[in-house]
Amino acid sequence: SRSKMKKILLILSIFSLSFAGTVYMAYDFDNTENMTLGYNHTFKTWTCEESGKPCWVLVGGVNYDVVADNVGFASVYALPMKPVTEKMAVWASLGFATVTEGDMDGGLTYGLGLHYSLNESLGMGLGMVNHDWEMGATENTLEKMNVFFSYKF
């Protein structure tokens, strides 16, 4: 049920904040104007033998729409990242979202994006995140076009 999922997300959020990680804020400038707060934790980094630099990074995270007009989501997801340059990485996400605002039921969440590191701690990026939802016999997908700002601690 929904309340059970919210409790699980809350426990995951509290648990994850006890580790070093990255917090971020996302703003959907295209569709909902939702503002999302999230936390990402790096679970594994694979190093390229040739360069000695990371070639894949596996990140897991949680997020929550803190500002949501008609529809809001809370998500838990896996996010593989592929560094392209020293400062730039592409990412994909796949997870589950529950609806926090609105009468629908949640479902899969998935996305693609680009992250750019401004320095050791600060980053920004663009990403498209989709949330599948259903209400009765209706199934649909909400698409968010987000600009992200991140802080790594």
Side-chain angles (χ1 to χ4, degrees), residues 1-43 45 57-136 138-153:
S1 74
R2 228 179 259 180
S3 64
K4 195 176 191 180
M5 191 65 203
K6 281 184 188 173
K7 282 181 187 141
I8 291 168
L9 285 169
L10 182 67
I11 290 164
L12 281 171
S13 304
I14 293 165
F15 180 72
S16 63
L17 287 171
S18 59
F19 296 105
T22 301
V23 289
Y24 66 88
M25 188 213 77
Y27 172 71
D28 175 14
F29 58 86
D30 181 44
N31 198 345
T32 64
E33 297 191 352
N34 284 6
M35 198 164 295
T36 307
L37 286 181
Y39 170 83
N40 286 345
H41 180 74
T42 301
F43 286 99
T45 302
V57 181
L58 180 62
V59 175
V62 291
N63 67 26
Y64 184 85
D65 287 347
V66 287
V67 177
D69 251 354
N70 300 316
V71 59
F73 295 90
S75 308
V76 58
Y77 52 85
L79 186 134
M81 291 184 86
K82 172 83 177 141
V84 185
T85 67
E86 290 267 321
K87 294 202 170 271
M88 195 162 325
V90 291
W91 57 264
S93 64
L94 179 64
F96 179 79
T98 182
V99 176
T100 58
E101 189 74 36
D103 289 335
M104 317 82 107
D105 291 318
L108 279 182
T109 178
Y110 46 95
L112 284 172
L114 197 62
H115 185 266
Y116 183 79
S117 298
L118 300 168
N119 59 33
E120 289 293 306
S121 301
L122 296 173
M124 63 183 299
L126 276 177
M128 186 184 75
V129 178
N130 294 306
H131 295 299
D132 289 350
W133 60 268
E134 56 184 69
M135 185 163 48
T138 308
E139 291 186 19
N140 209 332
T141 301
L142 177 76
E143 188 179 285
K144 292 179 180 173
M145 200 59 214
N146 287 334
V147 57
F148 292 89
F149 298 95
S150 65
Y151 180 76
K152 189 187 291 182
F153 56 93

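Basis for what follows: all heavy atoms, side chains included, without hydrogens, waters or symmetry-related copies. Since the structure is predicted, the reported quantities are computational estimates derived from the model, not experimental observations.
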Practice task
For Thr109 and Gly95, indicate whether the former's side chain and the latter's backbone hold a donor-acceptor pair under 3.5 Å.
Solution key: no
Problem - Leu122 vs Phe149 side-chain heavy atoms within contact, under 4.5 Å - result: no
Problem - Polar side-chain atom of Asn31 near backbone of Glu143 as donor-acceptor pair, under 3.5 Å - result: yes
Fill in the blank from the handout: CG of Leu108 to CG of Leu94, rounded to nearest 0.5 Å, is 6.0 Å
Completion exercise
Output for pair (Glu33 CD, Lys144 NZ), nearest 0.5 Å, gives 12.5 Å
Problem - For Ser75 against Ala97, the heavy-atom pair lying closest together - result: OG-CB, 3.4 Å
Problem - Tyr110 to Asp132 - nearest heavy-atom pair and separation - result: OH-OD1, 3.1 Å
Problem - Thr98 side chain to Ala74 backbone, donor-acceptor under 3.5 Å - result: no
Exercise for the section: Could you tell me whether Asp103 atom CG has more than 12 heavy atoms of other residues or ligands within 6.0 Å of it? Expected result: no
Handout entry: Nearest-0.5 Å distance, CD of residue Glu134 to OG1 of residue Thr141
Key = 10.5 Å
Completion exercise
Distance col, row Tyr116:OH vs Met124:CE, nearest 0.5 angstrom, shows 10.0 Å
Exercise for the section: Please find out if less than 6.0 Å separates the ring center of Tyr77 from that of Trp91. Expected result: no
Practice task
Report yes or no: does Asn34 contribute a side-chain atom to a donor-acceptor pair with the main-chain N or O of Val71 at less than 3.5 Å?
Solution key: yes
Practice task
Look at the side chain of Asn146 and the backbone N and O of Asp28, then say whether any donor-acceptor pair between them is shorter than 3.5 Å.
Solution key: yes
Practice task
Hey, can you tell me if His41 and Phe43 have their rings parallel, tilted or perpendicular (30° and 60° cut-offs)?
Solution key: perpendicular
Exercise for the section: State whether the number of non-hydrogen atoms from other residues, nucleotides or ligands found under 6.0 Å of Tyr24 atom OH is greater than 12. Expected result: yes
Problem - For His115 against Ser150, the heavy-atom pair lying closest together - result: NE2-OG, 2.9 Å
Exercise for the section: Test Val59 against every option in Asn40, Thr45, Thr22 by the side-chain contact (heavy atoms from CB on, under 4.5 Å) rule and name the one that passes. Expected result: Asn40
Handout entry: From Thr32 atom OG1 to Met145 atom CE, the distance as rounded to the nearest 0.5 Å
Key = 12.5 Å
Exercise for the section: Please check if the side chain of Asn63 supplies one atom and the backbone of Leu37 the other of a donor-acceptor pair under 3.5 Å. Expected result: no
Completion exercise
Smallest heavy-atom separation, Phe148 atom then Val129 atom, equals CZ-CG2, 4.5 Å
Fill in the blank from the handout: The reported gap from OG1 in Thr42 to CE in Met81 (rounded to nearest 0.5 angstrom) is 8.0 Å
